[in-house]
Peer 1: 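Handing you a structure now.
FYI, side chains are in, hydrogens and waters are out, and symmetry mates aren't considered; it's all heavy atoms of this structure. Ligands are counted one by one from 1 in listed order, and the atoms in each one are counted from 1 as well.
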Amino acid sequence: MTAAPLVPGPVTVRVPAKVNLELLVGPCRSDGYHSLATVYQAVGLYDDITVAAADDFGVSVGGPLADGVPTDDDNIALRAARLLADRHEGSPVHVSIRKGIPVAGGMAGGSADAAGTLVALDHLWGLDLVREEIEEIGSELGSDVPFLVAGGTAMGSGRGERLAPVLARGTYHWVLALADGGLPTPEVYAECDRLRGAHDVPEPVATPTLMAALRTGDPHELATQLTNDLQEAAVSLRPDLGETLAAGMEYGALGGIVSGSGPTCAFLVETTEAGIDLAVALTASGVAADVRRASGPVHGAHVIHHRVD
Ligand code: C5P
(Lines give C-alpha, C1' and ligand atoms only; values in the text may rest on other atoms or scores of the structure.)
Protein backbone atom coordinates (compact mmCIF):
# COMPACT_ATOMS: atom_id res chain seq x y z
CA MET A 1 0.00 0.00 0.00
CA THR A 2 1.40 3.42 -0.96
CA ALA A 3 1.04 6.30 1.48
CA ALA A 4 -1.07 9.26 0.36
CA PRO A 5 1.11 12.22 -0.64
CA LEU A 6 1.52 14.87 2.03
CA VAL A 7 -0.49 18.00 1.29
CA PRO A 8 1.01 21.19 2.68
CA GLY A 9 -1.59 22.77 4.95
CA PRO A 10 -1.77 26.35 6.21
CA VAL A 11 1.45 27.94 7.46
CA THR A 12 1.40 30.58 10.21
CA VAL A 13 4.25 33.01 10.70
CA ARG A 14 4.65 35.40 13.64
CA VAL A 15 6.25 38.72 12.82
CA PRO A 16 7.25 41.51 15.22
CA ALA A 17 6.96 45.30 15.15
CA LYS A 18 9.96 47.65 15.20
CA VAL A 19 11.05 50.79 16.94
CA ASN A 20 13.84 52.99 15.60
CA LEU A 21 16.33 53.65 18.40
CA GLU A 22 17.87 56.23 16.12
CA LEU A 23 16.35 57.58 12.93
CA LEU A 24 18.54 60.12 11.14
CA VAL A 25 16.97 61.50 7.97
CA GLY A 26 19.19 62.74 5.16
CA PRO A 27 18.35 64.54 1.94
CA CYS A 28 15.48 63.56 -0.34
CA ARG A 29 16.86 61.40 -3.19
CA SER A 30 15.85 61.62 -6.84
CA ASP A 31 13.53 58.59 -6.36
CA GLY A 32 11.53 60.45 -3.67
CA TYR A 33 12.94 58.45 -0.75
CA HIS A 34 15.15 60.00 1.92
CA SER A 35 18.54 58.51 2.69
CA LEU A 36 18.53 57.21 6.25
CA ALA A 37 20.89 56.11 8.97
CA THR A 38 18.77 54.17 11.40
CA VAL A 39 19.07 51.54 14.11
CA TYR A 40 16.10 49.22 14.28
CA GLN A 41 15.05 47.05 17.19
CA ALA A 42 12.41 44.34 16.76
CA VAL A 43 9.96 44.39 19.68
CA GLY A 44 7.41 41.87 20.87
CA LEU A 45 4.16 43.19 19.44
CA TYR A 46 3.13 40.72 16.76
CA ASP A 47 1.04 40.14 13.70
CA ASP A 48 0.31 36.50 12.81
CA ILE A 49 0.13 35.74 9.09
CA THR A 50 -1.48 32.51 7.88
CA VAL A 51 -1.21 31.45 4.23
CA ALA A 52 -3.19 28.62 2.65
CA ALA A 53 -3.69 27.40 -0.91
CA ALA A 54 -6.86 28.89 -2.45
CA ASP A 55 -8.65 29.24 -5.81
CA ASP A 56 -7.79 32.94 -5.98
CA PHE A 57 -5.45 35.41 -4.30
CA GLY A 58 -7.22 37.05 -1.37
CA VAL A 59 -6.69 38.55 2.07
CA SER A 60 -8.67 38.89 5.29
CA VAL A 61 -7.80 40.82 8.43
CA GLY A 62 -8.80 40.22 12.05
CA GLY A 63 -7.46 40.70 15.57
CA PRO A 64 -7.54 43.56 18.05
CA LEU A 65 -6.11 46.23 15.69
CA ALA A 66 -7.69 45.22 12.36
CA ASP A 67 -9.48 48.53 11.70
CA GLY A 68 -8.18 50.51 8.76
CA VAL A 69 -6.28 47.73 7.00
CA PRO A 70 -7.25 47.53 3.30
CA THR A 71 -8.51 44.14 2.10
CA ASP A 72 -8.26 44.95 -1.61
CA ASP A 73 -5.30 44.82 -4.00
CA ASP A 74 -3.59 47.63 -2.02
CA ASN A 75 -2.98 45.27 0.88
CA ILE A 76 0.80 44.92 1.17
CA ALA A 77 0.61 41.24 2.22
CA LEU A 78 -1.41 40.45 -0.89
CA ARG A 79 1.11 42.36 -3.02
CA ALA A 80 3.89 40.34 -1.36
CA ALA A 81 2.10 37.06 -2.18
CA ARG A 82 1.63 38.04 -5.82
CA LEU A 83 5.22 39.23 -6.16
CA LEU A 84 6.65 35.99 -4.78
CA ALA A 85 4.22 33.92 -6.90
CA ASP A 86 5.37 35.80 -10.04
CA ARG A 87 9.01 35.14 -9.21
CA HIS A 88 8.63 31.48 -8.23
CA GLU A 89 5.56 30.23 -10.12
CA GLY A 90 3.51 30.00 -6.93
CA SER A 91 -0.24 29.25 -7.12
CA PRO A 92 -2.99 31.40 -5.55
CA VAL A 93 -3.17 31.68 -1.77
CA HIS A 94 -5.38 33.28 0.82
CA VAL A 95 -3.54 35.39 3.39
CA SER A 96 -5.16 35.84 6.83
CA ILE A 97 -3.70 38.56 9.03
CA ARG A 98 -4.22 38.82 12.77
CA LYS A 99 -3.18 42.36 13.69
CA GLY A 100 -1.51 43.06 16.99
CA ILE A 101 0.69 45.86 15.60
CA PRO A 102 -0.89 49.32 15.33
CA VAL A 103 -1.96 50.32 11.80
CA ALA A 104 -0.11 53.34 10.34
CA GLY A 105 1.48 53.68 13.78
CA GLY A 106 5.17 54.06 12.94
CA MET A 107 5.94 50.48 14.00
CA ALA A 108 6.11 48.97 10.50
CA GLY A 109 2.86 47.02 10.78
CA GLY A 110 2.37 46.92 7.00
CA SER A 111 5.98 45.96 6.34
CA ALA A 112 5.63 43.24 8.98
CA ASP A 113 2.70 41.72 7.09
CA ALA A 114 4.72 41.68 3.85
CA ALA A 115 7.70 40.12 5.64
CA GLY A 116 5.48 37.51 7.31
CA THR A 117 3.78 36.62 4.03
CA LEU A 118 7.10 36.10 2.22
CA VAL A 119 8.46 33.86 4.97
CA ALA A 120 5.19 31.90 5.18
CA LEU A 121 5.01 31.31 1.42
CA ASP A 122 8.67 30.32 1.27
CA HIS A 123 7.70 27.58 3.72
CA LEU A 124 4.34 26.64 2.13
CA TRP A 125 5.86 26.32 -1.33
CA GLY A 126 9.05 24.66 -0.10
CA LEU A 127 11.19 27.27 -1.86
CA ASP A 128 13.93 27.23 0.76
CA LEU A 129 15.12 30.70 -0.13
CA VAL A 130 18.07 32.09 1.80
CA ARG A 131 17.16 34.96 4.10
CA GLU A 132 18.99 37.52 1.98
CA GLU A 133 16.86 36.55 -1.02
CA ILE A 134 13.64 37.07 0.96
CA GLU A 135 14.98 40.41 2.22
CA GLU A 136 15.84 41.47 -1.33
CA ILE A 137 12.29 40.73 -2.58
CA GLY A 138 10.94 42.39 0.57
CA SER A 139 12.84 45.61 -0.16
CA GLU A 140 10.72 46.03 -3.32
CA LEU A 141 7.61 46.15 -1.12
CA GLY A 142 8.74 48.57 1.59
CA SER A 143 11.88 49.99 3.15
CA ASP A 144 11.35 48.25 6.52
CA VAL A 145 10.42 44.80 5.15
CA PRO A 146 13.99 43.38 5.14
CA PHE A 147 14.41 44.28 8.81
CA LEU A 148 11.17 42.54 9.83
CA VAL A 149 12.48 39.39 8.11
CA ALA A 150 15.79 39.70 9.97
CA GLY A 151 14.64 40.91 13.43
CA GLY A 152 16.98 41.53 16.36
CA THR A 153 18.84 44.85 16.32
CA ALA A 154 20.33 46.14 13.07
CA MET A 155 21.53 49.26 11.33
CA GLY A 156 19.64 50.36 8.24
CA SER A 157 21.04 52.56 5.49
CA GLY A 158 20.03 53.49 1.95
CA ARG A 159 16.29 54.13 2.38
CA GLY A 160 16.38 51.77 5.40
CA GLU A 161 16.50 48.53 3.42
CA ARG A 162 20.27 47.92 3.55
CA LEU A 163 21.00 46.11 6.82
CA ALA A 164 24.14 45.60 8.86
CA PRO A 165 24.30 43.73 12.18
CA VAL A 166 24.66 45.59 15.47
CA LEU A 167 26.08 44.07 18.64
CA ALA A 168 23.44 44.64 21.31
CA ARG A 169 23.41 43.15 24.79
CA GLY A 170 20.47 42.70 27.10
CA THR A 171 16.72 42.98 26.83
CA TYR A 172 15.01 46.35 26.76
CA HIS A 173 11.52 47.02 28.09
CA TRP A 174 9.20 49.35 26.21
CA VAL A 175 5.84 50.92 26.87
CA LEU A 176 4.01 51.93 23.71
CA ALA A 177 1.41 54.67 23.75
CA LEU A 178 -0.94 54.13 20.81
CA ALA A 179 -2.77 57.11 19.32
CA ASP A 180 -6.20 57.39 17.76
CA GLY A 181 -5.79 57.24 13.99
CA GLY A 182 -2.55 56.91 12.05
CA LEU A 183 -0.03 59.22 10.42
CA PRO A 184 0.70 58.59 6.72
CA THR A 185 4.48 58.12 6.42
CA PRO A 186 4.88 60.21 3.21
CA GLU A 187 3.16 63.17 4.93
CA VAL A 188 5.56 63.00 7.88
CA TYR A 189 8.61 62.98 5.59
CA ALA A 190 7.12 65.91 3.63
CA GLU A 191 6.56 67.83 6.87
CA CYS A 192 10.16 67.11 7.89
CA ASP A 193 11.34 68.60 4.54
CA ARG A 194 9.05 71.59 5.02
CA LEU A 195 10.34 72.31 8.53
CA ARG A 196 13.94 72.04 7.32
CA GLY A 197 13.30 74.57 4.56
CA ALA A 198 15.98 75.17 1.96
CA HIS A 199 18.93 74.09 4.13
CA ASP A 200 21.38 71.57 2.71
CA VAL A 201 21.00 68.32 4.63
CA PRO A 202 24.13 66.16 5.01
CA GLU A 203 24.19 62.39 4.44
CA PRO A 204 23.32 60.83 7.81
CA VAL A 205 25.78 58.66 9.73
CA ALA A 206 24.77 56.37 12.63
CA THR A 207 26.06 57.61 16.00
CA PRO A 208 28.96 55.66 17.58
CA THR A 209 27.71 56.55 21.09
CA LEU A 210 24.44 54.69 20.39
CA MET A 211 26.41 51.60 19.33
CA ALA A 212 28.46 51.88 22.54
CA ALA A 213 25.27 52.19 24.63
CA LEU A 214 23.84 49.03 23.02
CA ARG A 215 27.00 47.13 23.89
CA THR A 216 26.57 47.98 27.59
CA GLY A 217 23.07 46.51 27.77
CA ASP A 218 22.18 49.33 30.19
CA PRO A 219 18.79 50.94 29.45
CA HIS A 220 19.92 54.17 31.18
CA GLU A 221 22.71 54.47 28.60
CA LEU A 222 20.40 53.69 25.70
CA ALA A 223 17.79 56.17 26.95
CA THR A 224 20.22 59.07 26.48
CA GLN A 225 20.81 58.07 22.85
CA LEU A 226 17.24 57.74 21.52
CA THR A 227 16.87 60.10 18.53
CA ASN A 228 14.27 60.55 15.84
CA ASP A 229 14.60 63.21 13.12
CA LEU A 230 10.93 62.64 12.21
CA GLN A 231 9.71 63.46 15.71
CA GLU A 232 9.42 67.22 15.21
CA ALA A 233 7.45 66.63 12.01
CA ALA A 234 5.15 64.08 13.66
CA VAL A 235 4.50 66.43 16.59
CA SER A 236 3.93 69.32 14.18
CA LEU A 237 1.19 67.27 12.46
CA ARG A 238 -0.15 65.87 15.75
CA PRO A 239 0.57 68.35 18.57
CA ASP A 240 -1.10 65.97 21.06
CA LEU A 241 1.99 63.74 20.77
CA GLY A 242 3.96 66.42 22.63
CA GLU A 243 1.66 65.87 25.62
CA THR A 244 2.00 62.09 25.37
CA LEU A 245 5.81 62.35 25.34
CA ALA A 246 5.78 64.73 28.31
CA ALA A 247 3.40 62.46 30.27
CA GLY A 248 5.57 59.37 29.69
CA MET A 249 8.65 61.16 31.00
CA GLU A 250 6.75 62.62 33.94
CA TYR A 251 5.51 59.14 34.92
CA GLY A 252 9.01 57.71 35.08
CA ALA A 253 10.21 56.62 31.61
CA LEU A 254 14.00 56.64 31.15
CA GLY A 255 13.52 57.99 27.64
CA GLY A 256 10.74 58.52 25.13
CA ILE A 257 10.48 59.06 21.38
CA VAL A 258 7.94 59.03 18.61
CA SER A 259 8.31 55.62 16.96
CA GLY A 260 9.35 56.00 13.31
CA SER A 261 6.90 58.32 11.57
CA GLY A 262 4.46 58.06 14.50
CA PRO A 263 1.97 58.52 16.00
CA THR A 264 2.90 55.71 18.44
CA CYS A 265 5.22 56.93 21.22
CA ALA A 266 7.78 54.47 22.59
CA PHE A 267 9.03 54.77 26.19
CA LEU A 268 12.04 52.92 27.50
CA VAL A 269 11.82 51.69 31.11
CA GLU A 270 14.22 49.84 33.37
CA THR A 271 12.28 46.68 34.23
CA THR A 272 9.05 44.80 33.49
CA GLU A 273 7.63 46.17 36.76
CA ALA A 274 8.48 49.75 35.80
CA GLY A 275 6.73 49.05 32.48
CA ILE A 276 3.57 47.92 34.26
CA ASP A 277 3.61 51.08 36.43
CA LEU A 278 4.10 53.36 33.44
CA ALA A 279 1.42 51.56 31.40
CA VAL A 280 -1.07 51.98 34.26
CA ALA A 281 -0.20 55.68 34.69
CA LEU A 282 -0.46 56.42 30.96
CA THR A 283 -3.77 54.57 30.71
CA ALA A 284 -5.19 56.44 33.72
CA SER A 285 -4.01 59.82 32.38
CA GLY A 286 -5.99 59.32 29.18
CA VAL A 287 -3.24 60.78 26.94
CA ALA A 288 -3.07 57.62 24.83
CA ALA A 289 -5.84 55.76 23.00
CA ASP A 290 -4.32 52.48 24.16
CA VAL A 291 -1.13 51.28 25.84
CA ARG A 292 0.94 48.15 25.19
CA ARG A 293 4.12 46.71 26.69
CA ALA A 294 6.76 44.90 24.69
CA SER A 295 10.40 43.95 25.05
CA GLY A 296 13.14 43.66 22.51
CA PRO A 297 15.15 42.61 20.68
CA VAL A 298 13.09 39.65 19.42
CA HIS A 299 13.40 37.39 16.38
CA GLY A 300 12.18 38.41 12.94
CA ALA A 301 9.41 36.64 11.01
CA HIS A 302 9.33 32.95 11.98
CA VAL A 303 7.06 29.96 11.38
CA ILE A 304 4.95 29.06 14.43
CA HIS A 305 2.58 26.54 12.86
CA HIS A 306 2.51 24.32 9.79
CA ARG A 307 -0.18 21.72 9.34
CA VAL A 308 0.51 18.81 7.03
CA ASP A 309 -2.54 16.63 6.17
O1 C5P B 1 9.25 52.18 1.82
P2 C5P B 1 7.91 52.50 2.39
O3 C5P B 1 6.79 52.00 1.54
O4 C5P B 1 7.76 52.13 3.81
O5 C5P B 1 7.83 54.09 2.37
C6 C5P B 1 6.61 54.78 2.45
C7 C5P B 1 6.84 56.23 2.09
O8 C5P B 1 7.63 56.86 3.10
C9 C5P B 1 7.61 56.46 0.81
O10 C5P B 1 6.75 56.48 -0.30
C11 C5P B 1 8.24 57.83 1.07
O12 C5P B 1 7.29 58.87 0.87
C13 C5P B 1 8.54 57.79 2.55
N14 C5P B 1 9.93 57.35 2.81
C15 C5P B 1 10.98 58.22 2.55
N16 C5P B 1 12.25 57.82 2.79
C17 C5P B 1 12.51 56.58 3.30
C18 C5P B 1 11.46 55.69 3.59
C19 C5P B 1 10.17 56.11 3.33
O20 C5P B 1 10.76 59.35 2.10
N21 C5P B 1 13.76 56.23 3.53
Peer 1: Output, or 'none' if empty, a list of ligand 1-protein atom pairs in which both atoms are N or O and the distance is under 3.5 Å, rounded to 0.1 Å.
Peer 2:
from     : atom 1 : to     : atom 2 : distance (Å)
ligand 1 : 1 (O)  : Ser143 : N      : 2.8
ligand 1 : 1 (O)  : Ser143 : OG     : 2.6
ligand 1 : 16 (N) : His34  : N      : 2.8
ligand 1 : 20 (O) : His34  : N      : 3.4
ligand 1 : 20 (O) : His34  : ND1    : 2.7
ligand 1 : 21 (N) : His34  : O      : 2.8
ligand 1 : 21 (N) : Arg159 : O      : 3.0

Peer 1: Is there a side-chain hydrogen bond (donor to acceptor under 3.5 Å, both in side chains) between His34 and Asp193? Walk through the geometry before answering.
Peer 2: CA-CA 10 Å; His34 294 71; Asp193 290 339; 2.9 Å; yes
Peer 1: Please check this pair: side chain of Arg98 against backbone of Tyr46, looking for a donor-acceptor N/O pair closer than 3.5 Å.
Peer 2: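 Not a single qualifying donor-acceptor pair exists.
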Peer 1: My understanding is that only residues two or more places apart in sequence, or in another chain, count here; which of them pass side-chain contact (heavy atoms from CB on, under 4.5 Å) with Glu243?
Peer 2: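 side-chain contact (heavy atoms from CB on, under 4.5 Å) check on Glu243 returns nothing, list empty.
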Peer 1: Hey, what do you get for CD1 (Ile257) to CG (Leu241), rounding to the nearest 0.5 Å?
Peer 2: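 The CD1 atom of Ile257 sits 12.5 Å away from the CG atom of Leu241.
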Peer 1: Assess whether a salt bridge exists between Glu133 and Arg87, defined as any Lys/Arg side-chain N lying under 4.0 Å from an Asp/Glu carboxylate O.
Peer 2: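 Answer for the salt bridge query: no.
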Peer 1: Give the intermediate values and the outcome of side-chain hydrogen bond (donor to acceptor under 3.5 Å, both in side chains) for residues Ser236 and Glu191.
Peer 2: CA-CA 8 Å; Ser236 163; Glu191 181 68 0; 2.4 Å; yes
